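Below: one structure, written as structure tokens.
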Amino acid sequence: MQYSLPDASVLAALGPDAYAQRLELLEKELAGRPGQHGLAELLASAVTGHGDWNVRRLCVEALAARFGEDPEARKAICAATHDDVDWVAFTAIKVIGALKMPEAAKDLIRISGWPSNFSRPGYSRKPVGCGAAFTKRALWEIFDSRDPDRLRELEDELFAPLHREVAAARREPQVADAVPVPGGPFIAGARKETTGAFQMDDTDNPMRVVELPPFYIDRCAVTNERYARFLDQAHGTRTWAHPDQPEDKDYTPAHWRDPRFNDPSFPVVGVDWYDAWAFARWAGGRLPSEDQWEMAARGKDGRRFPWGEEWDPGRARGIGTAYPEPAPRNLEELEQLLVRTSLTWPPEPVLPADSLPGGASPYGALNMSGNVWEITRTNFFTREDMNPFFAGRKSADFMNRPEAFHVLRGGTWTSPPVCMTTYYRGKDLLTDRHNEVGFRCVYDIPAQNTDADHDGAAV
């Protein structure tokens with residue numbers, strides 16, 4: 001007869017004495033039960049799935065005592081180190097030390113840090129109780145050393161396969177058509193101005209000085225042609241996916257079949273933040289922070305537009321040139337024009353990504369004013385990097401959460417000039433896909449490459 005563990009709901013209904021007695025009986029059963037087929041699997045499943053934490057704890061002990069060499073049992077014990085109840089995790093940590101399980105080192109290091117560090121005399125850290133002490137001792141048992149230098153060698157040996165795997169997966173940055181942006185300080189933020197006829201608010205971006213290291217940025221927004229190459233390689237894989245990415249995402253842009261937007265030379269649109277994040281990783285880069293984007297757009301002198309101080313409709317694609325109508329002069333006229341927008345009108349909203357060279361930024365980046373909004377990695381409200389945690393949830397469940405909104409920069413083909421300055425901040429929900437929104441990537445400049453460490457145009 002197949003053995004079964006007591007149900008959590010049954011245990012919950014017991015009084016304190018009856019509960020203690022049932023646990024004592026269970027402990028004896030697990031110690032004396034014949035090693036019948038399926039028992040190890042039952043215990044391993046219960047370690048992470050049973051609703052009573054004492055049952056999980058006893059299953060950890062039984063797995064270690066009876067099936068300590070079984071790979072699945074050891075995997076379950078490793079998983080138990082992250083149990084949310086302290087003594088389940090502590091029990092797993094203690095048996096790991098007793099069994100000297102090297103495969104558990106990565107789990108324990110996530111808890112306590114590197115043993116080569118905490119073993120050094122005088123090393124300061126912030127342990128908070130039993131768990132830190134148990135983990136420290138278990139790692140010493142695994143590595144069979146307390147010497148910091150020897151521990152560092154053993155850590156390197158243990159993680160060498162992972163290092164090789166990471167190195168093999170690392171993408172070479174696609175900088176053939178990127179421009180260097182020099183490091184150093186630049187003037188960021190908006191100047192104090194009246195609200196203006198379009199009633200756009202710039203008060204969320206005060207003027208300040210920001211200092212950045214050098215970086216590369218794509219000369220043009222990512223094109224449909226370039227994005228298609230990503231799609232070919234990304235189909236059916238999550239290799240470049242953000243950990244929070246929805247399970248059913250396939251990266252196909254929403255407007256991929258719209259002839260107004262799908263010319264290979266046009267900037268890709270109809271993508272969301274997760275699409276852009278995955279592409280950037282595939283390209284060996286990342287999405288720009290809003291500060292990186294702004295510096296690349298305006299240089300170091302605080303200019304209003306990428307080309308200078310004065311608005312010039314011939315240098316940027318905005319509502320005044322994308323629509324075959326007179327440019328709106330105020331918010332009312334803007335909205336009257338926008339509500340006439342349809343699936344076919346205006347007939348030619350965007351331009352090729354490498355158009356309008358006269359509107360280039362000081363470093364040679366094109367169309368950083370208008371054509372399409374550009375996605376950044378910055379959260380609109382916190383100004384920190386985006387860190388979404390919405391997996392398995394629908395947009396309606398988090399569309400009022402500040403964590404779900406990233407910064408857009410640059411304005412688009414539906415924008416008046418006030419939204420196309422180098423400092424205007426837009427925002428969007430990270431799962432939204434609009435035909436007004438695209439992106440470009442940034443890339444690290446290797447330390448030995450100092451060509452961009454000067455003021456002036458791209459080299």
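FYI, side chains are in, hydrogens and waters are out, and symmetry mates aren't considered; it's all heavy atoms of this structure. Since the structure is predicted, the reported quantities are computational estimates derived from the model, not experimental observations.
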Practice problem: Determine, step by step, whether Ile77 and Ile96 satisfy the side-chain contact (heavy atoms from CB on, under 4.5 Å) criterion, reporting the C-alpha distance in whole Å, the side-chain angles of both residues, the deciding distance to 0.1 Å, and the verdict. | Solution: CA-CA 8 Å; Ile77 293 170; Ile96 283 169; 3.7 Å; yes
Practice problem: Decide salt bridge (charged side-chain N to carboxylate O under 4.0 Å, His left out) for Arg226 and Asp218; before the verdict, give the C-alpha distance in whole Å, the side-chain angles of both, and the deciding distance to 0.1 Å. | Solution: CA-CA 12 Å; Arg226 192 175 173 204; Asp218 285 329; 3.1 Å; yes
Practice problem: Under the side-chain contact (heavy atoms from CB on, under 4.5 Å) rule, what do Met295 and Val181 come out as? Steps first, then yes or no, please. | Solution: CA-CA 8 Å; Met295 185 178 187; Val181 178; 4.1 Å; yes
Self-check item: Test log, rule side-chain contact (heavy atoms from CB on, under 4.5 Å), inputs Lys136 and Leu108
Solution: CA-CA 8 Å; Lys136 186 175 182 179; Leu108 302 192; over 6 Å; no
Quiz item: Does the pair Trp373 and Cys419 meet the rule for a side-chain contact (heavy atoms from CB on, under 4.5 Å), with working shown?
Solution: CA-CA 10 Å; Trp373 285 108; Cys419 296; 4.2 Å; yes
Quiz item: Between Thr376 and Glu290, does a side-chain hydrogen bond (donor to acceptor under 3.5 Å, both in side chains) hold up when you go through it step by step?
Solution: CA-CA 6 Å; Thr376 73; Glu290 67 168 324; over 6 Å; no
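Under a 4.0 Å N-O distance rule, the pair Arg152/Asp156 qualifies as a salt bridge. No salt bridge links Glu309 with Arg303; every basic N to acidic carboxylate O contact stays at or beyond 4.0 Å. By the 4.0 Å N-to-carboxylate-O rule, Arg433 lies too far from Asp272 to be salt-bridged with it. In this structure, Arg340 pairs ionically with Glu325, as a charged nitrogen and a carboxylate oxygen lie closer than 4.0 Å. Salt-bridge annotation for Arg150 and Asp147: absent, with no side-chain N of the basic residue lying under 4.0 Å from a carboxylate O of the acidic one.
One finds the SG atom of Cys78 at 11.0 Å from the CD1 atom of Ile93 (value rounded to the nearest 0.5 Å). Between the OG1 atom in Thr223 and the CZ atom in Arg440 there is a gap of 11.5 Å [rounded to 0.5 Å]. Separating the CZ atom in Phe405 from the CG atom in Leu430 is a distance of 9.0 Å, to the nearest 0.5 Å. Rounding to the nearest 0.5 angstrom, the gap separating the CG atom in Asp107 from the NZ atom in Lys75 is 11.5 Å. Here the CG atom belonging to Asp177 is positioned 8.0 Å from the CG atom belonging to Asp354, to the nearest 0.5 angstrom. Rounded to the nearest 0.5 angstrom, Arg281 CZ and Arg171 CZ are separated by 10.5 Å.
Thr81 places no side-chain N or O within 3.5 Å of a backbone atom of Ala89 that could act as its donor or acceptor partner. For Thr237 (side chain) and Ala234 (main-chain N/O), no donor-acceptor pair under 3.5 Å exists by modelled atom type. Without hydrogens or angle criteria, Asp385 side chain to Thr378 main chain gives no donor-acceptor distance under 3.5 Å. For the pair Arg74 (side chain) and Gly68 (backbone), a donor-acceptor distance under 3.5 Å is present. Within the 3.5 Å criterion, the main-chain N or O of Pro352 finds a donor-acceptor partner in the side chain of Ser355. Using a distance-only test at 3.5 Å, with no hydrogens or angles considered, no donor-acceptor pair links the side chain of Arg298 to the main chain of Phe186.
Taking the six-membered ring where the residue is Trp, Trp273 and Trp277 present tilted rings, their angle falling between 30° and 60°. Classified by interplanar angle (parallel below 30°, tilted 30° to 60°, perpendicular above 60°), the ring pair Phe390/Phe398 is parallel.
In this structure, the side chains of Arg56 and Asp83 come closer than 4.5 Å at one or more pairs of heavy atoms. Between His255 and Asn262, the closest side-chain pair of non-hydrogen atoms is not below 4.5 Å. At least one side-chain heavy atom of Val60 sits under 4.5 Å from a side-chain heavy atom of Thr91. Inter-residue side-chain proximity for Trp282 and Thr239 is flagged as unmet; no heavy-atom pair is nearer than 4.5 Å. Using a 4.5 Å cut-off on side-chain heavy atoms (C-beta onward), Asn224 and Phe261 make no contact. Looking at Gln245 and Tyr251, their side chains come closer than 4.5 Å, going by heavy atoms from C-beta outward. For the pair Leu287 and Trp293, the minimum side-chain heavy-atom distance is 4.5 Å or more. Taking the side chain as every heavy atom from C-beta outward, Trp256 and Val268 approach each other to under 4.5 Å.
Side chains of His235 and Asp250: no donor on one and acceptor on the other come within 3.5 Å. Between the side chains of Thr414 and Glu436, a donor-acceptor pair is found at a separation under 3.5 Å. If you check the side chains of Ser119 and Trp140, you find a donor sitting under 3.5 Å from an acceptor. There is no side-chain donor-acceptor pair under 3.5 Å between Tyr216 and Asp444. Between the side chains of Asp291 and Ser289, no donor-acceptor pair is found at a separation under 3.5 Å. Side chains of Tyr323 and Thr341: a donor-acceptor N/O pair is present below 3.5 angstrom, by distance only.
The shortest heavy-atom contact between Pro388 and Tyr274 is CB-OH, 3.6 Å. When all heavy atoms are compared, the tightest approach of Ala221 to Ala353 is O-CB, 3.7 Å. Of all heavy-atom pairs spanning Pro267 and Asn371, the tightest one is CG-ND2, 3.7 Å. Of all non-hydrogen atoms in Pro313 and Thr321, the two that sit nearest each other are O-CG2, 3.7 Å. Listed here is the closest heavy atom pair of Asn367 and Glu374: O-OE2, 3.6 Å. Across Cys441 and Val222, no two heavy atoms sit closer than the pair SG-CG2, 4.4 Å.
Between Phe159 and Trp114, the ring center distance clears the sub-6.0 Å criterion. Checked against a 6.0 Å centroid threshold, the rings of Phe279 and Phe439 count as neighbours.
Under the side chain to side chain contact (heavy atoms under 4.5 Å, CB included) criterion, Asn205 pairs with Arg208, Glu294, Arg383, Arg409, Tyr423, Arg425, not counting sequence neighbours. Looking at residues two or more places apart in sequence or on another chain, you find a side chain to side chain contact (heavy atoms under 4.5 Å, CB included) between Glu348 and Arg317.
For the side chain to side chain contact (heavy atoms under 4.5 Å, CB included) criterion with Trp307, the lone passing option out of Pro362, Ser361, Ser369 is Ser369.
Geometrically, Lys94 engages Phe134 in a cation-pi contact defined by less than 6.0 Å to the ring centre and at most 45° from the axis.
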